[in-house]
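Structure record follows, encoded as structure tokens.
We number each residue from 1, following the sequence as shown.
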Amino acid sequence: MKRYYYITVIAIVALLCLQVSYVENLYRDYIEQKVSLTQDALELAITKELHLRSRKQNRESSQFRLYIKAASDMTSQERDSLWCSTAPGDTLNLDNEWRKNIGKTRGEILQQWLQDKKIEEGNMLQLAVLDSLYSLEAAGGNYRHVLLLYDADKQLIASAGNLQPSEKGHYSKMLDIGTKGLYAVQVKSEIPMSAFLKHLWYTLMLSAAIVVVVLLCLVFQLTEIRRKDALLRKRENSVNGTIHDLKAPLNGVLAMLDWFKQGEKDPVRRKVILMNETGVKHLVANIESLLIVARKDRRKLVLRKTQVDVAALAYRIKEEMDVTYGNKPHTLTVRNELPEGCTVRADAMYLENVLRNLVENALKYADEGVRVEIALTQEAGKLSMAVRDNGWGIPARCQKKIFRQFYQVPREADRLQKGYGIGLTQAKYIIDEHGGTIGVLSTEGKGSVFTVVLPL
């Protein structure tokens, strides 16, 4: 159940992170938009400030005059100056200046060239006037700001505005004053969070409402899972208790059948008793499998280890399976290569369940005439039990899944067999608890080999 809490917490944290990231992106876009507007306002204010200086200078009878001519209206000397600059400073080639990235438009290029002329004449940019013009713009007057003037080394030399240069704010790009890079101006604006919240309150409220709804759905889902899990556990405990209670009478039946078998001399009746005994043992094994699989995640398997004669166990299972599958033509053999008296320390009942399950699967998932071999070998201090058959085999895509609880290999309609998908799960759990391994090698249509390896 804890994993559901962890998954829900992770989902909530991920959702909140996405929400925070979304709001951050909105805020970043908002700031970029406002900074772009402040920069546009600064560029317009610079143009107006230059115009005011030019008008003032004209009133003071400046010797500087600007003439704009098309190339067709120029004299030959003026046209030559465009390429060889015979009179530096007197003629400006707008196309060449544009290639130098002085400005994006011809108007910007002329404006920068005029700035150079004003600086040469000592008519410097008036930062206080520029600040007044900037404040009149819609973007400039909305926020506290400061205009920053830099020299050629980008060192701050002057400032103007109602925001201190040391205070926090958002910077626009530096705008060069003139073409020679002697001065640059920049605006730093204080764009408060409250403006962002006021501007996008509807989007933020809608986003927050969606997050709340999703969180409530996650909490409701977790609560429902918890309730159903508790109900499932109660049902499971009830079923497990009922199944467990069946073992006692069945063990009594086994004891009675064994008593009948010992006293019965008629081979026909003895065979019938053996068949019924095998059926009851099979039922007890299935009950034990259900209990083992049910306890797997919550309780460690308790093993009652003794020295088990694996060869005798294999021959007994062979005898029982021959009786159980007497109506299905088959060949079941035991190849015993173990040293005489070789035993393994294990829980006899659980080990018998594993080997019986592997042999029964080999007989069940095969056509008539199947050949099954139980091979017992010993090597490097380990005992190996291999069940080999020439049955239907297992597709490669399914071989990693067959030990999962309730998994059954997909079969064609004419090859469907009754099963619950717990036998191999139980087998792996039992062998793992014994410190051994179980594996499979199989080719579809050719058969399978299930191998159990146990330490001696």
Would [X] and [Y] pass as an ion pair if we require N to O under 4.0 Å?
X      : Y      : answer
Glu373 : Arg335 : yes
Glu319 : Arg316 : no
Lys48  : Glu137 : yes
Lys173 : Asp40  : no
Arg356 : Glu320 : yes
Glu167 : Lys188 : no

**Message:** I'd like to know whether Val185 forms a side-chain contact (heavy atoms from CB on, under 4.5 Å) with Leu148, so could you lay out the CA-CA distance, the side-chain angles of the two residues, the decisive distance to 0.1 Å, and finally the verdict.
**Reply:** CA-CA 6 Å; Val185 68; Leu148 306 172; over 6 Å; no
Around atom [atom1] of [X], are there more than 12 heavy atoms of other residues, nucleotides or ligands at under 6.0 Å?
X      : atom1 : answer
Tyr143 : OH    : yes
Met256 : CE    : yes
Arg144 : CZ    : yes
Lys154 : NZ    : yes
Asn327 : CG    : no
Leu441 : CG    : no

**Prompt:** Nearest 0.5 Å, what's the OH-NE2 distance between Tyr429 and His434?
**Reply:**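 Here the rounded value is 11.5 Å.
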**Asked** Between CD1 of Ile157 and CG of Asp151, what distance do you get to the nearest 0.5 Å?
**Response** 5.5 Å
**Request:** Using atom types as modelled and distance alone, determine if a side-chain donor or acceptor of Lys328 lies under 3.5 Å from a backbone N or O of Ala366.
**Result:**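 It does hold such a pair.
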**Asked** Is a donor on one side and an acceptor on the other found under 3.5 Å between the side chain of Asp176 and the backbone of Gly181?
**Response**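 Flag not set: sc Asp176 to bb Gly181 has no pair under 3.5 Å.
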**Asked** Of the options Leu383, Ile431, Thr437, Thr377, which is the one that meets Val453 in a side-chain contact (heavy atoms from CB on, under 4.5 Å)?
**Response** Thr437
**Asked** Can you list the steps and then say if Val187 with Gln39 is a side-chain contact (heavy atoms from CB on, under 4.5 Å)?
**Response** CA-CA 7 Å; Val187 61; Gln39 182 163 326; 5.7 Å; no
Can a donor-acceptor pair be found between the side chains of [X] and [Y] at a distance below 3.5 Å?
X      : Y      : result
Tyr150 : Gln186 : yes
Gln378 : Ser384 : no
Tyr350 : Glu433 : no
Asn357 : Asn361 : yes
Gln307 : Thr343 : yes
Asp131 : His145 : yes
Asp389 : Ser448 : no

**Prompt:** Does a side-chain heavy-atom distance below 4.5 Å link Val211 with Leu215?
**Reply:** yes
**Asked** Are Ile374 and Leu376 side-chain neighbours, meaning at least one heavy-atom pair lies under 4.5 Å?
**Response**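 Yes; the side chains approach each other to less than 4.5 Å.
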**Complete:** Between Ala386 and Val449, the two heavy atoms sitting closest are CB-CG1, 4.3 Å
**Message:** Could you walk me through whether Ile191 and Val35 satisfy the side-chain contact (heavy atoms from CB on, under 4.5 Å) test, starting with their C-alpha distance in whole Å, then the side-chain angles of each, then the deciding distance to 0.1 Å, before giving a yes or no?
**Reply:** CA-CA 9 Å; Ile191 305 175; Val35 169; 4.2 Å; yes
